Amino acid sequence: MNRAYYSNSISNFLDSSVNEIIGILSSASEYPVELTQLKAWEDEIKILKEILPFYYGSIYFEYSIPRMGKRIDVLLVIESVIFILEFKVGEKEFHSYSIDQVWDYALDLKNFHETSHDKLIAPILIATQAKRPYSTISITPQNDQLLIPILSNSESLLNTIQSVLDFCQDGESIDIKNWEQGRYHPTPTIIEAAMALYNNHSVANISRSDASAINLSQTSEAVSEIIRYSKERSEKAICFVTGVPGAGKTLVGLNIATTHINKDDELYSVFLSGNGPLVAILQEALARDKVKRAKDKGKKIKKSTARSDVKAFIQIVHHFRDDGLKDTSPPIEHVALFDEAQRAWTLEQTAKFMREKKGRPDFEMSEPEFLISCLDRHPDWAVVVCLVGGGQEINTGEAGISEWIEALERSFPYWKIYISDRLTDSEYNAKDILQKIKHRPNVDYSESLHLAVSMRSFRAENVSLLVKQILDLDEKNARNTLKELNDKYPIVITRDLTKAKQWLKAKARGTERYGIVVSSQAQRLKPYAIDVKSPIDPIHWFLDDKEDVRSSYYLEDVATEFHVQGLELDWACVAWDGDFRYSTNGWEQYSFVGSKWNHIHKPERKLYLKNAYRVLLTRARQGMVIVVPSGDIEDPTRNPDYYNSTFNYLKEIGFDVLE
């Protein structure tokens, strides 16, 4: 696959005219080329023609980074080094966001391009009109063959490139042909994935394609086949897709929804979620991206218009439900994809809501039953796709998967059921209820409907397994799993929040996002300036940059399990309070009421709290620090005994202590 608008050997580049190269770049561009872009290309080509006669290698203009939806201005492969050149033509300053930009490009190649993993990468930011900067050549503290971004102007670029080559003179020269054939295996965040899919990238282009994660494409195809089959046979079907945390369940749903985004498409689909923060963040991210892309094409679009377009295919499930209450005709969509279907409401919770908020005292359906009934209004065919996370129910009234099965058994005997063969696993809490549908002839179990490998962490796939073992008190296996993760995915524990913040900042590079996450029951972290009752706007927390005090980067506002479920950070600080305590008899759960901790006895509330910590501990893509405070002997609500046992349990498993 040719990822660049222009690629050639340096010698052929030097032999070609400026106009010839610009012509190739212009014809390859996805958008009409503005005069400013033509001028920038012209200046870049002229600068490089002056300095490259001294070198042999290859040159690539506008090299694609599909995960980020961006292109590297110029990429050079010379001797043993991959140079990433980001030009700011006419610029006199080196802005921090530009430094982060070139950082991100370098990290993307290092992490996701297989033939760049072990190569030395030199990111260089060129502000062409800047005063000659003082720059040193040095490897990052992570010691992973990545140089700290180097600042240059047009006059010092030749010297900068030569200095890097001198620094790396003992390296083995890169085989250009082999490097070009390297596959790109990105692991985008759900926000990046949604933007890429919305802009017509395929799921194969933006996700890993290695053998351990291949079933993401297989599962997407399996669901698409069920939809096509149901339409052809005029059948109604429900499909249950399972997966470990971070495996790509939401990605499967978004892939199908974006594939059939046109309302005139017979397979027109809608992506629904009960996760308010996730929907709000995705809608805002897509709207911002749509406005930016229109601007890049020389067009103008209001964010309100962009947001309206986005809302057509990503909706909060309650809006879909309310439309179904007002209008009893079939919905426009034949396919509805329900993300985090295990969080749909029970009959009791739905009836209470309808009675108190909608003035419907006679409403007697659970949320799953009503949602299926809306699609059942179609006279011909319909498909409901339930994307199910195990151990993810975190709020009162969330039914788990059992209510979907109960609803099918009560009211929809003719619907065909396609089920992941892993729905019987303990964390789905559905083994007993599945016995009820054994008598049905129209049940089909399939291993293709399970996503077994977490893609949230591209560094280590067994993070979710480790967290499960920790929460299941499987200390022996947790110890073994941690040993496998240690070199790839750093996890440290500490009693000191300040040191934890320092660790996060030291680990993160470029725009890698970091933040503090806590349980919504963690009410005695106030002495550390962590107040779970203080409202945050998850849109600003997840989407805004380092300069915005509302963003996660500032490490002031904290997010709870309700804000972060379904989303991810690159680096996370998990602050652990006395609400969830280790004891030799098992986990003990508490809620803070008034001025003291009260023991939680209800099994469902105990499960919600355990699942809250499961969500928090599986948010980080690259590594995390867990803070278990020391407590305060003079504060009866922060007795050290509430924290010490948990810290010692984690220490016994083998986590490194950040002193």
Side-chain angles (χ1 to χ4, degrees), residues 3-6 13 18 21-22 25-26 28-52 59-65 67-78 81-110 121-138 140 146-164 288-289 291-293 295-298 509-512 544-548:
R3 298 195 178 279
Y5 284 176
Y6 174 92
F13 165 77
V18 173
I21 297 168
I22 288 178
L25 287 167
S26 299
S29 177
E30 304 163 58
Y31 312 125
V33 182
E34 299 290 312
L35 286 175
T36 51
Q37 180 62 70
L38 291 172
K39 182 66 170 64
W41 282 337
E42 181 182 355
D43 288 353
E44 291 166 17
I45 293 166
K46 288 179 177 178
I47 291 169
L48 292 169
K49 276 182 171 289
E50 287 184 13
I51 66 174
L52 290 181
I59 184 169
Y60 309 82
F61 278 81
E62 303 296 334
Y63 187 90
S64 175
I65 304 290
R67 180 184 73 93
M68 299 168 63
K70 295 180 180 178
R71 290 182 175 273
I72 298 170
D73 284 347
V74 178
L75 187 147
L76 297 173
V77 180
I78 302 174
V81 181
I82 300 167
F83 291 91
I84 293 173
L85 309 184
E86 179 60 27
F87 284 89
K88 300 300 176 185
V89 175
E91 184 61 65
K92 297 180 179 179
E93 304 290 338
F94 297 98
H95 298 290
S96 60
Y97 57 80
S98 298
I99 296 171
D100 281 344
Q101 182 182 8
V102 75
W103 251 131
D104 289 346
Y105 290 157
L107 287 164
D108 201 88
L109 274 186
K110 173 63 65 178
I121 299 177
I124 304 175
L125 175 64
I126 306 113
T128 60
Q129 300 300 314
K131 292 180 181 178
R132 189 182 183 102
Y134 174 77
S135 285
T136 56
I137 312 298
S138 57
T140 61
L146 182 59
L147 296 184
I148 292 172
I150 306 160
L151 308 182
S152 174
N153 61 17
S154 55
E155 292 178 357
S156 62
L157 183 56
L158 173 59
N159 182 62
T160 300
I161 288 175
Q162 189 55 52
S163 297
V164 172
R288 289 184 186 184
D289 187 60
V291 170
K292 181 181 179 299
R293 286 175 183 270
K295 184 179 179 182
D296 291 343
K297 295 178 184 179
R509 297 179 285 185
T511 60
E512 289 177 344
D544 289 351
D545 58 28
K546 295 175 182 177
E547 281 69 48
D548 196 310

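Since this is a predicted model, take the numbers as computed values, not measurements.
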Measuring only between side-chain heavy atoms, which start at C-beta, is [X] closer than 4.5 Å to [Y]?
{"X": "F83", "Y": "I150", "result": "no"}
{"X": "S135", "Y": "S152", "result": "no"}
{"X": "P149", "Y": "L125", "result": "no"}
{"X": "R3", "Y": "L75", "result": "no"}
{"X": "T128", "Y": "D43", "result": "no"}
{"X": "D104", "Y": "I65", "result": "no"}
{"X": "I137", "Y": "V164", "result": "yes"}

Please say whether more than 12 non-hydrogen atoms of neighbouring residues, nucleotides or ligands are located less than 6.0 Å from [atom1] in [X].
{"X": "K546", "atom1": "NZ", "answer": "yes"}
{"X": "E155", "atom1": "CD", "answer": "no"}
{"X": "E50", "atom1": "CD", "answer": "no"}

Y105 and Y63: CA distance, side-chain angles, deciding distance, side-chain contact (heavy atoms from CB on, under 4.5 Å) verdict:
CA-CA 10 Å; Y105 290 157; Y63 187 90; over 6 Å; no
For the [atom1] atom of [X] and the [atom2] atom of [Y], what is their distance to the nearest 0.5 Å?
{"X": "I22", "Y": "I45", "atom1": "CD1", "atom2": "CD1", "result": "4.5 Å"}
{"X": "T511", "Y": "D100", "atom1": "OG1", "atom2": "CG", "result": "6.0 Å"}
{"X": "I59", "Y": "L48", "atom1": "CD1", "atom2": "CG", "result": "5.0 Å"}
{"X": "K110", "Y": "I82", "atom1": "NZ", "atom2": "CD1", "result": "7.5 Å"}
{"X": "K49", "Y": "K46", "atom1": "NZ", "atom2": "NZ", "result": "11.0 Å"}
{"X": "R132", "Y": "L151", "atom1": "CZ", "atom2": "CG", "result": "13.0 Å"}

Side-chain donor or acceptor of S156 paired with backbone N/O of N153 under 3.5 Å:
yes
Could you report the tightest heavy-atom contact between [X] and [Y], atom names first, then the distance?
{"X": "I126", "Y": "S154", "answer": "CG2-N, 4.0 Å"}
{"X": "F94", "Y": "K131", "answer": "CE1-O, 4.4 Å"}
{"X": "V102", "Y": "E86", "answer": "CG2-CB, 4.0 Å"}
{"X": "A106", "Y": "I84", "answer": "CA-CD1, 3.4 Å"}
{"X": "F87", "Y": "L157", "answer": "CZ-CD2, 4.2 Å"}
{"X": "E62", "Y": "L25", "answer": "CG-CD2, 4.3 Å"}

Just do the side-chain contact (heavy atoms from CB on, under 4.5 Å) check on T136 and I148 with the steps written out, would you?
CA-CA 9 Å; T136 56; I148 292 172; over 6 Å; no
Angle class for the H95/Y97 ring planes (parallel below 30°, perpendicular above 60°, tilted otherwise)?
parallel
Decide yes or no on side-chain contact (heavy atoms from CB on, under 4.5 Å) for E547 and S96, but give the supporting numbers first.
CA-CA 10 Å; E547 281 69 48; S96 60; 3.8 Å; yes
Return yes if a side-chain donor-acceptor contact under 3.5 Å exists between W103 and E512, otherwise no.
no
Between W41 and V18, is the side-chain contact (heavy atoms from CB on, under 4.5 Å) condition met? List the steps.
CA-CA 9 Å; W41 282 337; V18 173; over 6 Å; no
